[in-house]
Undergrad: 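Right, I'll just put the structure down here and ask away after.
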Amino acid sequence: VSLAVTTPQQVVTQVGSVGMEFLGGYAVARAYIRTPETFLALCRWLVAIVILLLPLAMVEAVTGRPPLIEAIRALPGINSVTLGPPEQRMGLYRAHVVFPHSILFGLFCSIAFALSFVALKGVVPTGRRWISSVLVGFACFLSLSSGALLALMLQMGLIVWAALFDRIRGHWWLLTGLGVLAYVVVDLLSNRTPIQVFMSYASFSAHNAFIRSIIFDWGLDNVIGNAERGIPASPWVGIGMNDWVRPEWLHAPSVDNFWLLTAMRYGLPGLFLLVLGYVLVIARVMRQDFAADPVLAQIRRAWVFTFLGLTFTVCTVHVWGNAYSFVFFLFGAGVWLIGAQPSAAATPAAAGPEAGRNTTGPRYSRFAPVPPRHPPPQARHA
C-alpha cells in the first residue's frame, strides 16, 4: 500500500522481489523446520558452513582478494557479486567471502555463534562445541564489522549472564531492569541521546559514529518531518523508493539502520506491523515452559539469544538481498517452538535412570519408538 502511494512505478517489482525475500525465506523455514531434529540439523549445517568458509576469509583478510568470488568470475558466462574497493581495518582487509559486503558475512557468522555454543550443548562433545564456537567467532571477527561484533558480544554476554544467574528466579527481568536503568542514567548524564551514545560505541571509529548519528537524525526527520530543514513529514506511507533528504555533503544514500530504513520506506504503520510480528513471536517463544525438556530449553535459549543480538545489530546495519531472506528464514525456523510440547522421553535425566538404557536409537531418531513386546499390566487386566 505504501509503495502504491509513494512510488507506484516500482510497486510491482518491489512487492514481488521484497515479498519473495521476506516471506519466501520465512515460509521455507516454517515448512521444513518444525522439530528439534531438523532445527539441530540446521545448527550443524550453519556451523559447518561458517567453518568451511573460514580459510577463504583468512586468505581475503591478508590479501584483500576473495578467492571464491574471483574463481566464480573466472568461469565463462558466469558473474558474481559486485564488490567495492578493499577496505582495511586493524591492519587486515575486511572479508566478504561470498557476500556483497563484509557486514553481511559478519552477520551470517554471528548468527551461527549461539546456535553452535548453546543449541548444540549436549548434542555434540563439549570440546568440539567449544572449538567450533571459537572458529565461528573468529570468522565473524574477520568481517571487521562493528555491527556483527556487537551481535557476537551481546550473545556472549547473555550466555555468561545465564551461566551465572540461571538459578536465580526472575534473572531475566533483573537484566531487563538493569538495561532500562542504564538507558535512563545515560540519558541524564550525557549531552547526547542514549541512541547516539550507543551508536558511538558500536562503531570502529569516531568518524563512523558521527556519520551514523547524522544518518539517524536526518532519516528520522524524513519520517516525522523537520520544518527548519525543509523536510516534509511522511509518517503514514513513508517516502517509498524515492531518495531521502540529507546533508549535501553526504553523497551516499545508504542508511545503516534496518528499523529506520523500514520506517522511511513504508512509514510508521509498516514499521509497527513488522515489529509487532517480530516481538510477538519472540515473546511467545520466551513464555513457553520447557523445564521438563532441557533440549527444547537449550534450543529456545539459542534462538532467542540469536535474535536479541540481531535486534540490536540491525540498529547499526541494514540487511538486504540473500542475507535479508536468510534472517527471516532463521526467524521462521524458531516459530515451531510456540507449539512445541516437552517430551520426557527426549530427556534421559528427566525420565529417570532407566531412560538412558533405551536401545531403540539415538535421542532424536527418524524411526518411531519400538513399542513394548507385552501390553502394560492395566491393559492385560482389562
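The structure displayed is predicted, hence computed values, not measured ones. For this chain, numbers begin at 1 and follow the sequence in order.
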Undergrad: Are S234 and N222 packed together at the side-chain level, in the sense that at least one heavy-atom pair is separated by less than 4.5 angstrom?
TA: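 Side-chain contact under 4.5 Å: no.
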
Undergrad: Taking all atoms of both residues into account, what is the closest heavy-atom pair of L42 and A333, and its distance?
TA: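 Closest pair (atom of L42, atom of A333, distance): CD2-CB, 3.9 Å.
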
Undergrad: Give me the one residue out of W320, F326, F328 that meets ring-ring contact (aromatic ring centres under 6.0 Å, His included) with Y324.
TA: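 Single ring-ring contact (aromatic ring centres under 6.0 Å, His included) partner of Y324 among W320, F326, F328: F328.
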
Undergrad: Apply side chain to side chain contact (heavy atoms under 4.5 Å, CB included) to residues L178 and W161 and explain how you reach the verdict.
TA: CA-CA 12 Å; L178 291 175; W161 181 270; 3.8 Å; yes

Undergrad: Mind checking the CG-CD1 spacing from N226 to I224? Nearest 0.5 Å is all I need.
TA: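 The CD1 atom of I224 is 7.5 Å from CG of N226, to the nearest 0.5 Å.
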
Undergrad: Under 3.5 Å, is there a donor-acceptor pair between the side chain of S2 and the main chain of V237?
TA: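 Yes, S2 side chain to V237 backbone: donor-acceptor pair under 3.5 Å.
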
Undergrad: Identify which one of F105, F108, F138 satisfies the side-chain contact (heavy atoms from CB on, under 4.5 Å) criterion when paired with V50.
TA: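 The single option meeting the side-chain contact (heavy atoms from CB on, under 4.5 Å) with V50 is F108.
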
Undergrad: To the closest 0.5 Å, what do you measure between CD1 (I131) and OG1 (T126)?
TA: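 Answer for the CD1-OG1 pair, I131 versus T126, is 11.0 Å.
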
Undergrad: Is it the case that the side chain of S325 and the backbone of N322 share a donor-acceptor pair, with hydrogens and angles ignored and the cut-off at 3.5 Å?
TA: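 Between the backbone of N322 and the side chain of S325 there is no qualifying donor-acceptor contact (under 3.5 Å).
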
Undergrad: Using side-chain heavy atoms (C-beta onward) and a distance below 4.5 Å, is L174 in contact with F165?
TA: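 Result no, sub-4.5 Å side-chain heavy-atom pair not found.
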
Undergrad: Would L53 and V98 satisfy side chain to side chain contact (heavy atoms under 4.5 Å, CB included), going step by step from the backbone distance to the final call?
TA: CA-CA 9 Å; L53 294 177; V98 293; 4.3 Å; yes

Undergrad: May I ask you to decide whether D166 forms a salt bridge with R301, counting only side-chain N to carboxylate O separations under 4.0 Å?
TA: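 Yes, charged N to carboxylate O under 4.0 Å.
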
Undergrad: For M58, does the CE atom sit with more than 12 other heavy atoms under 6.0 Å from it, leaving out its own atoms?
TA: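 No.
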
Undergrad: If only atom types and distance count, is the side chain of T313 paired as donor or acceptor with the main-chain N or O of G147 below 3.5 Å?
TA: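 Flag set: sc T313 to bb G147 pair under 3.5 Å.
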
Undergrad: Quick check: F329 with Y26 (ring centres under 6.0 Å apart)?
TA: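 For Y26 and F329, the ring centres are not under 6.0 Å apart.
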
Undergrad: Are more than 12 heavy atoms from other residues, nucleotides or ligands located less than 6.0 Å from atom CZ of F312?
TA: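 12 or below, so no.
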
Undergrad: With distance as the sole test, does R34 use its side chain to make a donor-acceptor pair with the main-chain N or O of R30 at under 3.5 Å?
TA: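 A pair under 3.5 Å: yes.
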
Undergrad: Flag yes if L310 and L175 sit in one hydrophobic cluster, no otherwise; membership is Ile, Leu, Val, Met, Phe, Trp, Tyr, and two members link when side-chain heavy atoms are under 4.5 Å apart.
TA: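 L310 clusters together with L175.
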
Undergrad: Does any part of the side chain of I159, heavy atoms only, come nearer than 4.5 Å to the side chain of F305, both counted from C-beta?
TA: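 Touching, per the 4.5 Å side-chain cut-off.
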
Undergrad: Can you tell me if H96 uses its side chain to pair, donor with acceptor, with the backbone of R94 under 3.5 Å?
TA: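 Yes, H96 side chain to R94 backbone: donor-acceptor pair under 3.5 Å.
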
Undergrad: In the structure I gave you, are the side-chain heavy atoms of L92 and Q88 within less than 4.5 Å of one another anywhere?
TA: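 The answer is no; the side chains never approach within 4.5 Å.
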
Undergrad: Are Y266 and W259 an aromatic pair, judged by ring center distance below 6.0 Å?
TA: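 When the ring centroids of W259 and Y266 are compared, they turn out to be at least 6.0 Å apart.
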
Undergrad: Taking the side chain from T13 and the backbone from Q10, do they hold a donor-acceptor pair closer than 3.5 Å?
TA: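 Checking the backbone N and O of Q10 against the side chain of T13, no donor-acceptor pair under 3.5 Å is found.
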
Undergrad: Do V279 and L273 belong together in a cluster built from hydrophobic side chains that touch within less than 4.5 Å?
TA: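 Unlinked, V279 and L273 end up in two clusters.
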
Undergrad: To check you understand the geometry: which heavy-atom pair defines the closest contact between T6 and G238, and what is its length?
TA: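 Minimum heavy-atom contact is CG2-O, 3.3 Å.
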
Undergrad: Near R229 CZ, under 6.0 Å, is it more than 12 heavy atoms from other residues, nucleotides or ligands?
TA: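 Result for CZ/R229: enclosed.
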
Undergrad: I'd like to check P247 versus L250 (side-chain heavy atoms, cut-off strictly below 4.5 Å). Are they in contact?
TA: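 Yes, side chains in contact.
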
Undergrad: Please report the C-alpha distance between L3 and V15 in whole Å, then the side-chain angles of each, then the deciding distance to 0.1 Å, and finally whether the side chain to side chain contact (heavy atoms under 4.5 Å, CB included) criterion is met.
TA: CA-CA 8 Å; L3 294 177; V15 169; 4.3 Å; yes

Undergrad: Step through the shown structure and confirm whether more than 12 heavy atoms of other residues, nucleotides or ligands are within 6.0 Å of CZ on R73.
TA: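 It does: R73 CZ has more than 12 such atoms within range.
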
Undergrad: Flag this pair as yes if the NZ/CZ of R246 is under 6.0 angstrom from the six-membered ring centre of W244 and inside a 45 degree cone about the axis; otherwise no.
TA: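 Checked: cation-pi criterion met.
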
Undergrad: About how many Å separate OG1 of T35 and CG of L40, when rounded to the nearest 0.5 Å?
TA: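 So the gap between those two atoms works out to 8.5 Å.
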
Undergrad: Within a reach of under 6.0 Å around CE of M241, are more than 12 heavy atoms found that belong to other residues, nucleotides or ligands?
TA: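 It does: M241 CE has more than 12 such atoms within range.
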
Undergrad: Using the rule given for side chain to side chain donor-acceptor pair (under 3.5 Å), can you reason through T311 versus Y278, listing the C-alpha separation, both sets of side-chain angles and the distance that settles it, and then say yes or no?
TA: CA-CA 10 Å; T311 300; Y278 187 89; 2.8 Å; yes

Undergrad: Is the closest basic N to carboxylate O distance between E60 and R65 below 4.0 Å?
TA: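 Between R65 and E60 there is no salt bridge, as every charged N stays at least 4.0 Å from the carboxylate O atoms.
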
Undergrad: For L104 and H318, which heavy atoms make the closest approach, and how far apart are they?
TA: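 Heavy atoms only, the tightest pair is CD2-O, 4.1 Å.
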
Undergrad: Please examine the side chains of T262 and N257, heavy atoms only from C-beta on, and report whether any two atoms are closer than 4.5 Å.
TA: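 No; the side chains remain at least 4.5 Å from each other.
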
Undergrad: Rounded to the nearest 0.5 Å, what's the gap from CD on Q298 to CZ on F117? Could you check?
TA: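 Spacing of CD (Q298) from CZ (F117) equals 10.0 Å.
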
Undergrad: Step by step, work out the side chain to side chain donor-acceptor pair (under 3.5 Å) result for R212 and S146.
TA: CA-CA 12 Å; R212 283 177 175 168; S146 57; 3.2 Å; yes

Undergrad: Answer yes if the side chains of S102 and S143 hold a donor-acceptor pair under 3.5 Å, and no otherwise.
TA: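 Note: S102 and S143 side chains miss the donor-acceptor criterion.
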
Undergrad: N242 side chain to I239 main-chain N or O, any donor-acceptor pair under 3.5 Å?
TA: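 A pair under 3.5 Å: yes.
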
Undergrad: Side chain to side chain contact (heavy atoms under 4.5 Å, CB included), that's the test. Do Y93 and V62 meet it? Break it down for me.
TA: CA-CA 6 Å; Y93 290 99; V62 175; over 6 Å; no

Undergrad: Any side-chain heavy-atom pair from L83 and P66 closer than 4.5 angstrom?
TA: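 In contact.
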
Undergrad: Which distance, rounded to the nearest 0.5 Å, do you find between the CG of L308 and the CE of M286?
TA: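 Those atoms lie 6.0 Å apart.
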
Undergrad: What distance do W303 atom CH2 and W336 atom CH2 have between them, rounded to the nearest 0.5 Å?
TA: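 Rounded to the nearest 0.5 Å, the CH2-CH2 separation comes to 11.0 Å.
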
Undergrad: Between the side chain of D256 and the main-chain N/O of T316, is any donor-acceptor distance below 3.5 Å?
TA: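 It does not hold such a pair.
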
